[in-house]
Amino acid sequence: MQLLDDLLGYQRLTIPETDRAIVLHKGRFTSILSPGEHRLPKRDMVTDVHSLARPQFTSGYEAALFRERPDLAAAHRTEVRAGADEVVIVSRDGRLHEVVRPEARAVYWTDAGPWATETHSVTDGAEVPDVLGLRLQRAGLTGVVALEVPEGHVGFLTVDGVQTRTLPNGTHRFWATGRKIAVKPVDLRWRTRDVTG
């Protein structure tokens with residue numbers, strides 16, 4: 001079999017379950033190879049092998065592939081885009097994977113999933129729900145800033161230097177999207193003062 005392939009100018013390429021390969025013949029996209037043994041021409045052939053252990057779809061051929069072969073791109077990649085006033089939380093197989101910031105995109109190998117997304121508004125002073133904030137923190141994902149208001153205080157929340165509202169004591173989490181978010185605590189506790197006559 002090997003001798004026959006050599007005579008006819010073919011080669012065999014084995015793709016394991018953990019990889020995928022983008023194939024170009026004479027500079028044009030022909031396929032994205034799934035696991036198995038594949039018979040390919042030896043001449044004018046380029047294979048770009050990717051490991052699904054790194055699920056982000058990163059390739060020098062990415063833009064050209066999406067433009068020239070949208071059918072291949074749609075079958076093998078999952079694209080996530082966030083709007084101007086939103087973040088998208090991406091989960092992989094039920095576990096938090098990444099926070100896509102406003103006006104950003106992320107592309108993943110579909111076979112590295114399954115993928116799921118949650119979209120959240122990040123309008124001025126948009127607070128992250130407590131349960132979600134704790135999940136993001138435990139997963140070690142960036143994209144959230146935590147601010148403390150001590151016991152016996154209230155906090156004046158400012159977004160880009162403009163005061164928006166007051167916050168009760170406790171931990172408050174906000175989306176970190178490039179806006180400058182700060183809390184100025186104000187002490188409300190009673191104090192005794194000696195006043196001389």
Side-chain angles (χ1 to χ4, degrees), residues 18 20 50-60 62-63 66 73-74 76-197:
T18 56
R20 298 295 180 270
H50 295 264
S51 170
L52 296 183
R54 292 184 299 278
Q56 275 75 12
F57 188 104
T58 53
S59 170
E62 179 185 347
F66 293 167
H76 293 278
R77 61 95 170 126
T78 298
E79 183 177 20
V80 177
R81 287 184 181 270
D85 290 320
E86 61 188 23
V87 295
V88 179
I89 298 172
V90 180
S91 298
R92 179 186 185 192
D93 198 16
R95 301 183 68 182
L96 297 179
H97 180 74
E98 184 176 3
V99 177
V100 180
R101 295 172 183 264
E103 297 184 320
R105 71 187 274 271
V107 182
Y108 309 99
W109 285 98
T110 299
D111 289 342
W115 301 100
T117 60
E118 300 173 37
T119 302
H120 296 270
S121 173
V122 291
T123 53
D124 286 349
E127 199 164 350
V128 180
D130 286 338
V131 174
L132 177 59
L134 288 171
R135 284 184 66 210
L136 291 167
Q137 187 176 344
R138 282 195 299 264
L141 295 179
T142 59
V144 174
V145 60
L147 301 171
E148 290 281 340
V149 177
E151 182 73 34
H153 293 65
V154 295
F156 289 123
L157 175 67
T158 60
V159 179
D160 291 332
V162 178
Q163 183 179 329
T164 59
R165 66 181 196 264
T166 60
L167 301 172
N169 66 295
T171 302
H172 302 272
R173 295 176 180 83
F174 301 90
W175 296 109
T177 58
R179 293 186 172 101
K180 185 178 179 185
I181 297 175
V183 171
K184 180 181 179 183
V186 176
D187 195 340
L188 298 180
R189 293 172 295 183
W190 287 94
R191 294 187 182 187
T192 58
R193 296 281 175 111
D194 290 330
V195 178
T196 57

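The chain is numbered in sequence order, starting from 1. Worth saying up front: this structure is predicted, and the values here are computed from it rather than measured.
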Do you know which two heavy atoms are closest between [X] and [Y], and how far apart they sit?
{"X": "W115", "Y": "T110", "value": "NE1-O, 3.8 Å"}
{"X": "P55", "Y": "R92", "value": "CG-NH1, 3.7 Å"}
{"X": "V87", "Y": "P102", "value": "CG1-CD, 3.8 Å"}
{"X": "L167", "Y": "H172", "value": "CB-NE2, 3.8 Å"}
{"X": "G155", "Y": "V183", "value": "CA-CG1, 3.6 Å"}
{"X": "H153", "Y": "E151", "value": "ND1-O, 3.0 Å"}

Checklist entry - Is the number of heavy atoms from other residues, nucleotides or ligands within 6.0 Å of CZ (R95) greater than 12? => result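 Counting other residues, nucleotides and ligands, CZ of R95 stays at 12 neighbours or fewer.
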
Checklist entry - With R173, which residues qualify under side chain to side chain donor-acceptor pair (under 3.5 Å), at least two apart? => result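 Only Q137 meet the side chain to side chain donor-acceptor pair (under 3.5 Å) criterion with R173.
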
Next on the checklist: Using side-chain hydrogen bond (donor to acceptor under 3.5 Å, both in side chains), reason through H97 and Q56 one step at a time and then give a plain yes or no.
Outcome noted: CA-CA 11 Å; H97 180 74; Q56 275 75 12; 3.2 Å; yes

Spacing of [atom1] belonging to [X] relative to [atom2] belonging to [Y], to within rounding of 0.5 Å:
{"X": "F57", "Y": "L52", "atom1": "CZ", "atom2": "CG", "answer": "11.0 Å"}
{"X": "D85", "Y": "T119", "atom1": "CG", "atom2": "OG1", "answer": "12.5 Å"}
{"X": "T164", "Y": "F156", "atom1": "OG1", "atom2": "CZ", "answer": "11.0 Å"}
{"X": "W175", "Y": "I181", "atom1": "CH2", "atom2": "CD1", "answer": "11.0 Å"}
{"X": "F66", "Y": "R77", "atom1": "CZ", "atom2": "CZ", "answer": "4.5 Å"}

Next on the checklist: Go through it in stages, so that I can follow the logic: the residues are H50 and H76, the test is side-chain contact (heavy atoms from CB on, under 4.5 Å), and I'd like the CA-CA distance, side-chain angles, deciding distance and then a yes or no.
Outcome noted: CA-CA 12 Å; H50 295 264; H76 293 278; over 6 Å; no

Next on the checklist: I'd like to know if the side chain of D93 reaches the main chain of G113, judged simply by a donor and an acceptor atom lying under 3.5 Å from each other, with no hydrogens or angles considered.
Outcome noted: no

Checklist entry - Is the closest side-chain heavy-atom distance between F174 and V159 below 4.5 Å? => result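 No, every pair of side-chain atoms sits at 4.5 Å or beyond.
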
Checklist entry - Does R54 have any salt bridge (Lys or Arg N to Asp or Glu O under 4.0 Å) partners at least two apart in sequence or in another chain, and if so, which? => result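 Result, salt bridge (Lys or Arg N to Asp or Glu O under 4.0 Å) vs R54: none returned.
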
Item to check | Flag for Q163-T158: side-chain donor and acceptor within less than 3.5 Å | outcome: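 No, no side-chain donor-acceptor contact under 3.5 Å.
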
Next on the checklist: Working note: L141 + I89, criterion side-chain contact (heavy atoms from CB on, under 4.5 Å); need CA distance, chi angles, decisive distance, verdict.
Outcome noted: CA-CA 10 Å; L141 295 179; I89 298 172; 5.5 Å; no

Item to check | Stepwise side-chain contact (heavy atoms from CB on, under 4.5 Å) check, L132 with H120 | outcome: CA-CA 11 Å; L132 177 59; H120 296 270; 3.5 Å; yes

